[in-house]
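A short write-up of the structure that comes next.
First the proteins, then the strands, lettered A, B, ... as listed; each starts at 1. Atoms considered below: every heavy atom in the structure, side chains included; atoms not considered: hydrogens, waters and symmetry mates.
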Amino acid sequence: MASPLPPDEDATRGPPSPASPTASFYDMSDDEEGDYSTIRHSKSGKGVKLLYAKSKVYVHPTPSAKDNIAGYIALMQQKPAANSVSSAPTSPSAGSSSGRRSAETSNLLLAWVPEGSLGDAKSIYTKVELSDSASPPKTTYLVPPPPITTTHSSSLGTYAFAVPLSDIFSILVRPPSTGWWFGSIVINTRAGDSFPALFFHDSECQSTIDQRKKLQRESFSISSSEGGGMFWGGDEVLRWMKRYVTVERSSQEPSVYMVDPNDADKLSFGSGGKPTPDHVRNALEGKHKNEPAQQKKKETGGDAVVKALTQARWTFLEKMSQVTTFTRRTAQAVAENKNIPPQVRRLMANPQVQTVSDEFDSARLYLARWAMGIAEQSERERSQRIWSAKDVLEMEDSEVGQFEILDIDAQGLSLADKRQPVTLKEWNGFFNGNTGRLEKTPDEVKERIFHGGLSADDGARKEAWLFLLGVYDWNSTKEERHAKMNSLRDEYIRLKGAWWERMVDEQGTLEEREWWKEQKMRIEKDVHRTDRHIPLFAGEDIPHPDPDSPFAEAGTNVHLEQMKDMLLTYNEYNRDLGYVQGMSDLLAPIYAVEQDDAVAFWGFVGFMERMERNFLRDQSGMRLQLLTLDHLCQLLDPKLYEHLERLDSTNFFFFFRMLLVWFKREFPFEDILRLYEGLWTDYLSSNFHLFIAMAILEKHRNIIIDHLKGFDEVLKYVNELSGTIDLPSTIVRAESLYRRFQKTVEAIDRKSNFPAAPIVRQRLPQPPTSPTGTRPGADGRPRQASSGSVDRRRPSSSASASASTSGRERTVGDHVAAGIGAEKERVISPELRALLSRDIPKLEKKEVRERGGGVGS
Amino acid sequence: MSSRKKILLKVIILGDSGVGKTSLMNQYVNKKFSASYKATIGADFLTKEVLVDDRLVTMQLWDTAGQERFQSLGVAFYRGADCCVLVYDVNNAKSFDTLDSWRDEFLIQASPMDPESFPFVVLGNKVDVGEDKRVISSKRAQAFCQAKGGIPYFETSAKEAVNVEQAFEVIARNALAQEESQDFNPDFPETIPINIGESNQGCSC
Ligand SMILES: Nc1nc2c(ncn2[C@@H]2O[C@H](COP(=O)(O)OP(=O)(O)OP(=O)(O)O)[C@@H](O)[C@H]2O)c(=O)[nH]1
Ligand SMILES: [Mg+2]
């Protein structure tokens with residue numbers, strides 16, 4: 001470990017007011033090469049040549065951050081004194097100090113100047129800073145000469161300094177270590193003085209950010225380039241210097257870099273040999289990355305790995321604030337995992353690496369994610385083709401469970417064909433040209449939409465969603481739909497007027513008025529933070545109608561205002577429940593597709609009928625779904641379940657967000673449209689979203705089992721899946737899991753003494769299956785009659801609905817879908833059995849009134 | 001230095017929906033403010049490593065949804081907390097009035113060993129908004145904090161990074177003190193080693 005460096009407070013010396021330079025404006029020039037001043041010898045010249053600069057380098061005069069002084073560190077060249085040779089870059093390997101060199105290097109100044117003192121020259125500093133730093137600028141940029149200072153306690157009494165390279169003895173380097181510590185350097189002069197520590201606020205510094213990005217892009221590449229590891233501003237400074245002087249790291253004191261050391265220096269400080277363990281350690285500690293080429297020859301692969309690791313370490317230091325784990329653990333689990341690519345595994349077995357990951361607890365989680373990324377990438381590369389039945393079969397082969405492989409293809413259309421989206425043309429073709437009545441069965445249409453989705457850009461969604469959301473009856477004629485929409489529009493206007501009046505007239509009891517005010521405020525706040533990255537909702541181009549709104553200053557746009565109107569209208573329409581957070585997420589896709597507030601409103605009302613249970617005050621609906629997921633996981637993946645049990649994670653709370661707003665936060669907006677229309681079909685199950693959840697979980701089950709060791713880790717891991725999940729394959733996997741589930745239930749029922757009973761009791765509705773069957777029929781058990789042509793769109797009774805919402809009093813132990821241990825008998829809990837139903841779980845009005853948490857009607 | 005044991009401080013951030021919990025946390029950890037953070041659903045946390053009096057500690061900052069009904073499922077996170085941050089919006093009276101119930105709710109759910117001494121910190125957020133919009137005065141907030149046993153109080157702006165660093169420094173310090181006071185308590189149940197991973201198949205006694 002690096003020896004402790006002086007704490008920040010040591011920088012507290014001298015009075016805090018920065019100096020200003022002697023001149024205020026210097027332009028850059030190409031043709032005045034010989035005209036820049038030699039400030040050491042003359043104070044009247046035009047300026048010095050700025051070779052390199054880096055911003056946001058601070059002096060911390062006091063422990064208080066507000067006293068920090070921002071400045072630039074810069075390397076400048078002044079005009080050489082008469083008769084001396086102009087300085088040219090020399091290779092770092094070109095020997096050590098010599099008389100000639102020190103003459104040159106006395107013309108090079110390492111300087112720190114406070115930002116506030118630069119005046120007009122600041123733009124030149126910025127230009128130089130952001131120019132490609134791989135080589136000194138070709139254009140000559142002149143800036144005012146800083147006052148030369150060779151001792152810190154200079155008469156100028158400021159922090160600014162400019163010291164000739166030849167006067168620098170060594171540089172103490174402390175790389176950034178955690179989120180709290182900025183990297184810093186301290187310059188020690190040959191005279192034995194030290195300048196105040198300079199702190200590199202890397203995250204504010206544009207050039208460092210750019211350079212990091214560049215390095216990150218190049219990470220894992222074998223080609224050895226400078227600075228493949230944990231990069232920070234101080235590295236840059238060393239690199240500048242190395243172009244002109246020899247900079248050697250002390251082997252005795254790794255945080256010390258010596259400038260042009262002579263033999264005596266070397267002896268006393270020992271920058272001697274470069275033992276291999278040091279190399280590794282240094283690399284691991286991210287302190288040093290320019291190791292001689294010979295090191296590389298020895299093991300090219302190894303070097304790349306060390307480099308990768310250094311990079312990884314840097315990244316997870318950066319990521320430290322986003323990942324966590326809190327118990328000390330080793331990297332052993334990673335090292336032994338067969339799913340991890342061999343080079344990573346080898347790397348993890350390295351004792352040094354193990355130290356690193358002990359040191360930084362988040363290493364393991366980071367590496368887990370990294371390994372997953374690599375695995376996914378190679379998976380992608382292996383098969384860049386459309387998901388086919390074969391993929392599904394391969395998946396069936398995976399570790400998920402021990403059930404038979406299912407033949408889900410064998411239907412007329414191949415899966416790939418079936419997965420083409422339904423275009424508006426195809427959609428219109430489903431209907432009678434004259435009456436506008438559907439000529440296919442609703443299930444046929446639903447099957448198409450379930451597997452293929454609707455075309456994104458021809459308006460098919462606009463029409464079809466109104467059927468899927470129950471605004472239109474599948475059996476209606478065009479005329480009937482027209483009439484329906486007219487009356488719905490009237491009704492929307494009436495409802496809108498109702499809350500408007502309520503607001504203006506301040507009707508109702510005090511409590512009611514309070515509630516209304518609060519709801520309005522809630523809607524206001526939420527709409528302004530819902531999907532603002534979608535062009536439709538982005539920007540503010542109209543003034544806010546309410547000067548008292550917190551968004552009055554920011555302004556609004558017409559679509560945000562429509563969103564607010566619709567949600568307030570829903571709040572009026574369903575006063576038993578009212579607006580609850582999350583609803584704005586559900587409305588946004590519908591509004592985006594319909595782009596008409598009245599139409600979108602009724603679509604939303606349809607959606608909410610099934611979603612109401614998610615928003616009850618007592619959260620009973622959410623509990624039921626989490627419990628169902630618990631049972632499903634027990635049944636389908638006992639091994640994973642067991643692991644989650646050990647982590648106290650079987651409340652499945654880490655799926656709360658996904659279930660509450662149907663993965664709205666996990667997928668990009670366009671994917672959500674596709675996902676929702678599929679889920680709205682209820683083609684396989686009205687709770688198919690739980691199979692989507694299960695599919696997401698299964699995809700990561702190995703990583704979870706192998707690497708995640710705490711409840712908080714699982715939560716973080718799952719939360720961070722957001723934006724990384726591939727939708728098409730997830731849908732395929734979910735379907736496959738559904739089939740597996742269905743089959744398991746059948747197998748268990750078959751084994752029980754009363755094979756048919758549960759099915760009869762539950763009126764188990766079967767999804768339409770193809771004539772060729774998705775179930776092997778060789779067992780002699782009578783098959784369910786296919787319900788393919790029966791329209792089951794609306795439940796006539798609420799029997800299954802109430803069964804599926806009243807699970808909250810039950811405990812898991814009562815009827816566990818026990819999959820753990822062969823000796824235990826598998827039982828299908830009512831929660832699980834409800835998954836076979838295609839009836840939408842709707843709440844009774846009474847239930848909503850009791851548990852909605854609104855003000856009632 | 002290397003023999004020192006690692007310390008994790010668990011901090012829970014509570015307060016009404018929209019007071020700026022997520023924004024404060026992100027300002028502190030990521031030094032960023034974005035007007036388009038989404039309303040929090042479920043729970044999430046960020047971690048940050050900080051030096052408190054020369055000790056390196058990891059702060060785990062838990063952020064939950066502000067709407068009351070979503071609290072019922074999230075209380076699992078309260079347990080083992082070392083500090084609780086109560087946030088209100090200085091421009092919103094209701095969010096101030098509910099501070100007390102947030103505090104009570106926390107004490108009930110987290111059931112710390114010694115509720116009297118459990119560290120809270122109160123943050124009055126959004127002070128960047130114009131004075132004319134402000135409804136809760138500093139004095140009023142301070143009086144509240146005084147009455148509750150001298151809770152440290154900060155007025156912050158997540159938007160303009162006012163006082164955020166300072167507030168969290170105190171939060172870290174108080175959380176560390178809390179964590180250490182628990183360490184010395186021999187009765188604290190969590191110090192009993194639990195053999196996770198091994199199945200507890202009866203004892204051999
Ligand atoms: N002017 C101002 N606005 C803020 C500040 N902090 C947050 N906001 C805004 O207040 C709104 C809510 O902020 P969030 O951080 O999402 O609030 P929250 O407490 O996490 O809300 P929930 O997740 O719903 O519990 C957003 O529009 C923010 O942009 C602040 O310091 N000043
Ligand atoms: Mg939030």
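- Closest approach of B:Y88 to B:A141, counting heavy atoms only: OH-CB, 3.2 Å.
- The greatest number of non-hydrogen atom pairs below 4.5 Å with chain B, out of A:M521, A:R522, A:E553, is found for A:R522.
- With hydrogens and angles disregarded, a donor-acceptor distance shorter than 3.5 Å links the side chain of B:R69 to the backbone of A:F615.
- In this structure, the portion of B:K133 lying under 4.5 Å from any heavy atom of chain A is its side chain and not its backbone.
- Proximity of a side-chain donor or acceptor of B:S157 to a complementary backbone N or O of B:V162 within less than 3.5 Å is not detected.
- Proximity of B:F70 to B:T40: side-chain heavy atoms (C-beta onward) are nowhere separated by under 4.5 Å.
- Within the 4.5 Å cutoff, the side chain of A:L721 has no heavy atoms near those of the A:F654 side chain.
- With a 4.5 angstrom heavy-atom cutoff, A:H528 touches chain B only via backbone atoms.
- Neither the backbone nor the side chain of A:F655 comes within contact range of chain B; no heavy atoms are under 4.5 Å apart.
- Taking non-hydrogen atoms and a 4.5 Å limit, the residue list of residues 658-668 of chain A in contact with chain B, ordered by number, reads A:L660, A:V661, A:R665.
- Taking the six-membered ring for Trp and thresholds of 30 and 60 degrees, B:Y37 and B:F33 have ring planes more than 60 degrees apart, a perpendicular arrangement.
- Under the 3.5 Å distance criterion, the side-chain polar atoms of A:N557 are matched with a main-chain donor or acceptor of A:G539.
- Under the 4.5 Å side-chain criterion, counting only non-hydrogen atoms from C-beta, B:L24 is in contact with B:N125.
- Taking B:A39, B:G42, B:A65 one by one and counting their heavy-atom pairs under 4.5 Å with chain A, the maximum is reached by B:A39.
- When heavy atoms are compared at a cutoff of 4.5 Å, A:E518 approaches chain B solely by way of its side chain, counted from C-beta outward.
- Looking at B:D44, its side chain never comes within 3.5 Å of a backbone N or O of B:D63 through a donor-acceptor pair.
- Residue contact with chain A, scored on non-hydrogen atoms closer than 4.5 Å, is absent for B:K10.
- Inter-residue side-chain proximity for A:S620 and A:R851 is flagged as met; some heavy-atom pair is nearer than 4.5 Å.
- The closest donor-acceptor contact from the side chain of A:R657 to the backbone of A:N719 lies under 3.5 Å.
- Most heavy-atom pairs under 4.5 Å with chain B: of the set A:H643, A:Q581, A:R617, this distinction falls to A:Q581.
- Contact annotation for B:N92: only side-chain heavy atoms (C-beta onward) come within less than 4.5 Å of a heavy atom of chain A.
- Counting heavy-atom pairs closer than 4.5 Å to chain B, the top residue among A:D585, A:D548, A:V580, A:L616 is A:V580.
- Between the side chain of A:E713 and the main chain of A:K709, a donor-acceptor pair closer than 3.5 Å is present.
- When heavy atoms are compared at a cutoff of 4.5 Å, A:D648 does not approach chain B at all.
- For a residue to count as touching a neighbouring chain, one of its non-hydrogen atoms must lie under 4.5 Å from one of that chain's; by this rule B:K126 touches chain A with the side chain only.
- Proximity to chain B is limited to the side chain of A:R532, based on heavy atoms less than 4.5 angstrom apart.
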